[in-house]
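Atoms within a ligand are numbered from 1 in the order they appear, just like the ligands themselves. Note that the structure is predicted; figures quoted are calculated from it, not measured.
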Amino acid sequence: MNIGILALQGAFAEHMKMLETLHANGILIRQKSDLSHPLDGLILPGGESTAMGKLLFDLDILEPVRERILEGLPVFGTCAGMILLAKQLEDSPIRHLATMDITVRRNAYGRQLGSFTTTAAFGNFPSIPMTFIRAPFITQTGNSVTVLSTVNGNKVAARQGNQLVTAFHPELTDSVAVHSYFLNMVQNWVTGEKA
Ligand code: GLN
């Protein structure tokens, strides 16, 4: 499986390590021409969403990436990656890829309390470690969005079709649960395409 990892800024190297552990092939996406690699999935890492959104636009890859996602390419956004995918950001007119029917509150825990580690359920996994860094959470979801995790009553992981988001950073923990879940989504998509 070939998984692109947006590598303009932020925590992309850690996703690469996770993919290596799971025997998937990570391809760093740094410029438009990198999108010509055959891709079965795409990871949008954590970092700074404003900077990443601006780079996506300036490098002319915002639209091509958006189109691929709308065509069904499985995508996994962590933290800032989740902000990039949100159709709406609370109290802000700004949108980036805007493909997923969620409203997201940036820096939702405040800047001081924004970084912490906890454990909680993710989908069918009863308990996984979760690292939050100046994290957002989801405040509203559309009808076709499934919430996969809540922490203290706040939605921190969700899925809509082939789009998966986490407010936390699974790539900074030793649990491969979320990446395995994503690769399973990718595998189902690849199998479905060829069927
Ligand atoms: N607070 C960052 C933002 O708004 C996200 C933080 C992260 O990705 N760890 O972009």
Side-chain angles (χ1 to χ4, degrees), residues 3-19 26 28-30 41-59 61-62 65-66 69 74-120 122 128-141 145 147-152 154-160 163-179 181-182:
I3 310 293
I5 306 172
L6 190 68
L8 305 178
Q9 196 265 340
F12 52 87
E14 292 81 359
H15 282 288
M16 185 63 114
K17 284 195 197 115
M18 276 281 172
L19 292 180
L28 296 182
I29 308 291
R30 297 184 186 276
L42 179 66
I43 293 178
L44 308 175
E48 225 295 317
S49 56
T50 310
M52 245 189 277
K54 185 175 177 338
L55 286 167
L56 275 171
F57 182 79
D58 290 350
L59 295 168
I61 50 181
L62 187 93
V65 167
R66 185 165 190 276
I69 295 169
V75 64
F76 171 25
T78 53
C79 203
M82 170 166 109
I83 295 168
L84 293 180
L85 289 170
K87 276 198 182 161
Q88 221 147 339
L89 303 183
E90 208 177 68
D91 302 325
S92 167
I94 294 169
R95 283 160 186 61
H96 301 286
L97 293 161
T99 50
M100 188 164 174
D101 208 1
I102 52 174
T103 303
V104 167
R105 183 182 303 171
R106 290 182 64 195
N107 298 313
Y109 299 91
R111 287 177 184 272
Q112 297 305 317
L113 288 173
S115 303
F116 60 96
T117 300
T118 188
T119 53
F122 169 80
I128 65 164
M130 298 179 178
T131 297
F132 292 81
I133 303 172
R134 296 202 306 114
F137 58 63
I138 301 166
T139 54
Q140 285 182 57
T141 53
V145 175
V147 175
L148 296 172
S149 297
T150 53
V151 169
N152 302 328
N154 299 315
K155 304 175 189 71
V156 296
R159 175 173 177 181
Q160 179 179 23
Q163 302 185 71
L164 173 69
V165 290
T166 61
F168 54 91
H169 290 264
E171 78 285 6
L172 300 181
T173 72
D174 56 9
S175 166
V176 295
V178 183
H179 288 77
Y181 179 95
F182 177 60

Task: Atom-level proximity to ligand 1, residues with heavy atom under 4.0 Å - done: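 Ligand 1 is contacted, at a heavy-atom distance under 4.0 Å, by Gly46, Gly47, Glu48, Ser49, Cys79, Ala80, Ile83, Arg106, Asn107, Ile133, Arg134, His169.
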[X] side chain vs [Y] backbone, donor-acceptor pair below 3.5 Å:
X      : Y      : answer
Gln9   : Glu48  : yes
Thr78  : His169 : no
Arg106 : Pro136 : no

Task: Set of residues satisfying ring pair (Phe, Tyr, Trp, His ring centres under 6.0 Å) with respect to Phe137, sequence neighbours excluded - done: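 Ring pair (Phe, Tyr, Trp, His ring centres under 6.0 Å) check on Phe137 returns Tyr109.
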Open item on the list: If the condition is ring pair (Phe, Tyr, Trp, His ring centres under 6.0 Å), which residues does Phe12 pass it with, not counting sequence neighbours?
Closed with: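 Listed in chain order: nothing, the list is empty.
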Open item on the list: Can you list everything that forms a side chain to side chain contact (heavy atoms under 4.5 Å, CB included) with Thr103? Sequence neighbours excluded, please.
Closed with: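 So Thr103 forms a side chain to side chain contact (heavy atoms under 4.5 Å, CB included) with Gln88, Glu90, Thr139, Gln140.
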